[in-house]
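Chain letters run A, B, ... following the sequence lines, proteins first and then strands; every chain starts at 1. All of these numbers come straight from a predicted model, not from anything done at the bench.
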Amino acid sequence: MSASYDPHVVEKSVQEAWDEAGAFRAGESGAGEKFYCLAMFPYPSGQLHMGHVRCYTLGDVINRYHRLKGYNVMQPMGWDAFGLPAENAAIKNGIPPASWTRDNIDYMRGQMQSLGFGIDWSREFATCDPEYYHWEQWFFIRLYEKGLVYRKSSMVNWDPVDQTVLANEQVVDGRGWRSGAPVERREMPQWFLKITDYADELLDELDRLEGWPESVKSMQRNWIGRSEGIDIDFPVSGSQDPLTVYTTRPDTLLGSTYVAVAAEHPLARRAAERNPAVAAFVDKCRNMKTAEAEVATLEKEGVPTDLSVTHPLTGDPVPVWVANFVLMEYGSGAVMSVPGHDQRDWEFARKYGIPIRQVIEPTGDGACDLAEAAYTDYGRLVNSGAYDGMSSAEAFEAIASDLAAKGLGRRRTNYRLRDWGVSRQRYWGCPIPMIHCDACGIVPVPDDDLPVLLPTDVKFEGVRSPLTTMESFYKVKCPGCGGDARRETDTFDTFMESSWYYARFASPDANRPMVDERVDYWTPVDHYVGGIEHAILHLLYARFYHKLMRDHGLVHSDEPFTRLLMLGMVLKDGRKMSKSSGDVGDPQALLDKYGADAVRTAMMFAAPPDQSFEWSEAGVEGQGRFCKRLWNLVHEHLEGGEVPALDPAGLSDAGRALRRKTHETIARADDDYGRRLMFNTVVSAVHELCNAVSRTEPGNDQDRAAVREALKTALLVLSPIAPHVTQALWQDLGESSLLVACRWPAVDDAALVQDSVELVVQVNGKVRGRLQVAQDADEAELRELALANDNVVRFVAGKTVRKVITVPGKLINIVVG
RNA sequence: GCCCGGGUGGCGAAAUUGGUAGACGCGCCAGACUCAAAAUCUGGUUCUGGAAACAGAGUGUCGGUUCGAUUCCGACCCCGGGCACCA
């Protein structure tokens, strides 16, 4: 190596050495326990942004640390290649989505390679590869056969100009994000996966995911939203069918003074037929409902109907209202309203002059004034006949069983989670392998005809999916009757591809559907790294998919990701850097200027992984400076010539102090890498060790051996973060091995022993002096020394010593009064 | 409203089991080298007072436990994130 540090020369040559050695090829027969290290694969948007750099550097640090610890590590990389931006580029610039995507992948792969990520590129794939989505289609058909897939009409946001369905987040102020046209609520048939069948398991197993951050588990619990309650039937006069409501508070049943139904509820429709005011309100509700976000801000409104139902306990008539806040999709689309004990019902009752009845009173000193607000806490029952005096919990049980005995109530668990709608009316996605036949209905594509290839030779006319007008695609014969049929032209939600890619990496070329036995070796993923923005959807879908694959005998674990690291966001000027905001922090300029090691080290040093932070170039410059210092330190040391084998007995005090620092660094960094995931403090620890080397004046040859040991330790410990410069200097120190094939150094406990320590002397908890004492000094001796200290004397003089507390190796606190 | 995080110098942060608050870095200041600048090196850098020794204050606010609290407990304030007419 040359005498001065040039990161670009160093990085290129080290990367070539890794390639030649096949350093990151992972096999199932490697020595050591397996370790599957995965960072969320990127959408190939064009170029890496700072968020990517952070994510993949963290993944690579974990990868390289575990290699040093002797694990057989696999770190793959691929591309989440289907999605809307490719279509937008096609519409705007006329570039076909497939070639746009492939070009982006090539560029971004090059960027990743120049960052020195230790990836097994032999496992690479893109989700738009037919060899990949083939098995997604195959598995979808298996799920269909098992009844876990169904097709149902559902409300969507329809853009009448772009002729497409929009996701909720693409509706801005009730208008399409691209066309600006008012979005319509439209009912369209969609494919669904029955994720609600797995809601209980998805929720309960969160408690066992000890390697997941609490925040993510909490978000998922929230999203699944399990509640325990009962369905209560209110008989309807003149009808066989009762009105069923769902409630979690049956203890308040006697306080119900009206029931409210959603505008889409059958009872509302019946009332609308007879009453024009109700009909007008139902119509209004249909048009109002656009984006989900707007529904929440809507003012509570309703109309009375001339219908009434019978209270299941008292037999009294209860009026039926149609209200805009009742959701048809949750529970049964109807609620029993208890204005005394539900704030929303209270507001509605006040607005329309409906009676408010108290049936719960506080047991403690809780305030309860129904003229001001509803009392929503649990308490003791009043005005409830036989149930008076019971606690809410007792009344829940009593009322539930009384209703059950009458045949008017059933316990029910409800979820906020809805089934997963996977249809997208778009082109650049995986074709849904289904055929519509007038005679046979829905017919899955036979396995032998898979994959259903997405045509790549397409022309966009407007924004509509070209598949809908492409006869060669949709015109097919029915596999059942052989008659004319139509192929499904919708494609899958791209979350489908990202829900099982981690399993495919284990056997990327498997032709045995859809993974092979290698998946049992590698899965579950031991450490998964990714952005907090995927805390709910992607991670929930992937957990669901893993259970689907398990129940099909494809994998043999319950959860896909054992340990999870959720990254904070990389900000610039207080804004998040992401592809959607169009504010792309460009790492390429920094790479060109400072090199990969400086960028990687700065990224790790800036903040702990789970914290968001503001990006600054000054940090990269600083770490580039550090790389250069490290380089100079090693080369200055080499100028002193060869060193003898280390014999601790021959060290001077300075040499012994340096050696202690070396071994403290090993112990600290090990804990920071492995347990705490605090890579910022690993960098600090190496800085400190290098500072100690700079300050050490070697007194003899043994001291120089201690310097050599310190430098080699610094290189090894830093190598997961700055792999190039450390590798080059490792060689300069005469080592022929690749650092990635080395083992983490052992801590020499003997090096940590100090024969003299500095103790702090406090008087009443305030530091008043310091003592240099022998490690084994006894308490009486310490007390005497402490009380003799000049500054301590000033604060103790004229006072009585009440107590002396000694913490061995740390401090002495003299309590006076 | 509910559920998670978090609040420490000019800035990013550290303090792992209740034991020296501010490690490490950025920035800034001073000095060395230089005709000069850049680069590099050395020293300083929480605030207030002081030449210094040292003293006083200090980890969002108020209170508690303790010989001792950034750390534990209680109440509150603020910031970030998630969910939200979910019955």
Worksheet item: Can a salt bridge be assigned to the pair Glu636(A) and Arg629(A) using a cut-off of 4.0 Å between side-chain N and carboxylate O?
Response: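 Here Glu636(A) does not pair with Arg629(A) in a salt bridge, since their nearest N and O are not under 4.0 Å apart.
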Round to the nearest Å and state the distance from [X] atom [atom1] to [N] atom [atom2].
| X | N | atom1 | atom2 | value |
| --- | --- | --- | --- | --- |
| Leu630(A) | C24(B) | CG | C1' | 15 Å |
| Asn680(A) | U16(B) | CG | P | 14 Å |
| Phe679(A) | A14(B) | CZ | C1' | 17 Å |
| Glu688(A) | A13(B) | CD | C1' | 13 Å |
| Gln623(A) | G27(B) | CD | P | 11 Å |
| Arg768(A) | G68(B) | CZ | C1' | 14 Å |
| Leu718(A) | G25(B) | CG | P | 13 Å |
| Leu203(A) | C3(B) | CG | P | 16 Å |

Discussion item. Dot-bracket for RNA chain B, please. Rules: Watson-Crick or G-U, both distances under 3.5 Å, ( ) within the strand, [ ] when a pair crosses earlier ones, | for another strand, . otherwise.
Written reply: (((((((..(((......[....)))((((((.......))))))((((....))))..(((((..]....))))))))))))....
Can you name the closest pair of heavy atoms from [X] and [Y] and give their distance?
| X | Y | value |
| --- | --- | --- |
| Pro339(A) | Pro355(A) | CG-O, 3.5 Å |
| Leu243(A) | Ala334(A) | CD1-CB, 3.8 Å |
| Ala654(A) | Glu697(A) | CB-O, 4.5 Å |
| Asp345(A) | Val338(A) | OD2-N, 2.9 Å |
| Phe396(A) | Gly229(A) | CZ-CA, 4.2 Å |

Which whole number of Å gives the distance between the [atom1] atom of [N] and that of [M]?
| N | M | atom1 | value |
| --- | --- | --- | --- |
| A30(B) | A39(B) | P | 15 Å |
| A21(B) | U70(B) | P | 9 Å |
| C29(B) | G10(B) | C1' | 13 Å |
| G44(B) | A53(B) | P | 12 Å |
| A57(B) | G22(B) | C1' | 15 Å |
| U46(B) | C24(B) | P | 12 Å |
| C11(B) | G27(B) | P | 15 Å |
| A32(B) | A37(B) | P | 11 Å |

So [X], base contact, sugar-phosphate only, or nothing? Heavy-atom distance under 4.0 Å.
| X | result |
| --- | --- |
| Pro213(A) | nothing |
| Ile536(A) | sugar-phosphate |
| Val815(A) | sugar-phosphate |
| Lys217(A) | nothing |
| Gln343(A) | nothing |
| Phe795(A) | sugar-phosphate |
| Arg770(A) | base |

Residue [X], side-chain heavy atoms: nucleotide from [options] that is nearest:
| X | options | answer |
| --- | --- | --- |
| Ser218(A) | A55(B), U40(B), C3(B) | C3(B) |
| Glu214(A) | A87(B), A14(B), G5(B) | G5(B) |
| Thr681(A) | A14(B), C24(B), G81(B) | A14(B) |
| Pro608(A) | U16(B), G25(B), A14(B) | A14(B) |
| Val760(A) | G19(B), U20(B), A14(B) | U20(B) |
| Leu811(A) | G56(B), U20(B), G81(B) | U20(B) |
| Thr248(A) | A87(B), C85(B), A55(B) | A87(B) |
| Asn222(A) | G82(B), C85(B), C4(B) | G82(B) |

Worksheet item: Is it the case that Arg563(A) places NZ or CZ above or below the six-membered ring of Trp212(A), under 6.0 angstrom from the centre and within 45 degrees of the axis?
Response: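 Geometry flag: not set, cation outside 6.0 Å or 45°.
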Worksheet item: Does Phe795(A) have Arg768(A) sitting over its ring (NZ/CZ under 6.0 Å from centre, angle to axis within 45°)?
Response: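 The answer is yes; both the distance and angle limits are met.
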Between [X] and [N], does any side-chain N or O lie under 4.0 Å from OP1 or OP2?
| X | N | result |
| --- | --- | --- |
| Lys300(A) | C85(B) | no |
| Lys766(A) | A57(B) | yes |
| Tyr246(A) | A87(B) | no |
| Asn791(A) | A55(B) | yes |
| Arg416(A) | A84(B) | yes |
| Arg412(A) | A87(B) | no |
| Arg344(A) | A84(B) | no |
| Arg625(A) | A38(B) | no |
| Asn691(A) | G25(B) | yes |

Worksheet item: Ring centres of Phe605(A) and His687(A) under 6.0 Å apart?
Response: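 Ring-ring flag for Phe605(A)/His687(A): true, centres closer than 6.0 Å.
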Discussion item. Just so I know, are the side chains of Arg411(A) and Glu228(A) near enough to count as touching, which here means a heavy-atom distance under 4.5 Å?
Written reply: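 Contact flag for Arg411(A)/Glu228(A) side chains = no.
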Worksheet item: Under 4.5 Å between any side-chain heavy atoms of Tyr352(A) and Lys300(A), yes or no?
Response: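 No, their side chains stay 4.5 Å or more apart.
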What does the list of N/O pairs under 3.5 Å between the protein and nucleotides 8-12 of chain B look like, with a distance for each?
| from | atom 1 | to | atom 2 | distance (Å) |
| --- | --- | --- | --- | --- |
| G12(B) | O2' | Ala606(A) | O | 2.5 |

Practice prompt. Scan Val326(A), Thr305(A), Ile354(A) and name whichever one has a side-chain contact (heavy atoms from CB on, under 4.5 Å) with Trp321(A).
Written response: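 Of all the options given, the one that passes is Ile354(A).
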Worksheet item: Quick one: the side chain of Arg629(A) and the base of C41(B), do they pair up donor-acceptor inside 3.5 Å?
Response: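 No, the side chain and the base share no sub-3.5 Å donor-acceptor pair.
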Practice prompt. If the plane angle is over 60° it's perpendicular, under 30° parallel, otherwise tilted; pick one for Phe325(A) and Phe348(A).
Written response: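 Phe325(A) and Phe348(A): perpendicular rings.
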Discussion item. Would you compute the distance between atom CG of Leu327(A) and atom CZ of Arg416(A) and round it to the nearest 0.5 angstrom?
Written reply: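 Leu327(A) CG to Arg416(A) CZ: 10.5 Å, rounded to 0.5 Å.
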Item to complete: For Ala334(A) and for Arg794(A), find the nucleotide of RNA chain B with the closest heavy atom, then tell me which residue's nucleotide is more 5'.
Response: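 So the residue in question is Arg794(A).
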Worksheet item: Where does G18(B) fall, syn or anti, if syn means a chi angle no more than 90° from 0?
Response: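 Base orientation: anti.
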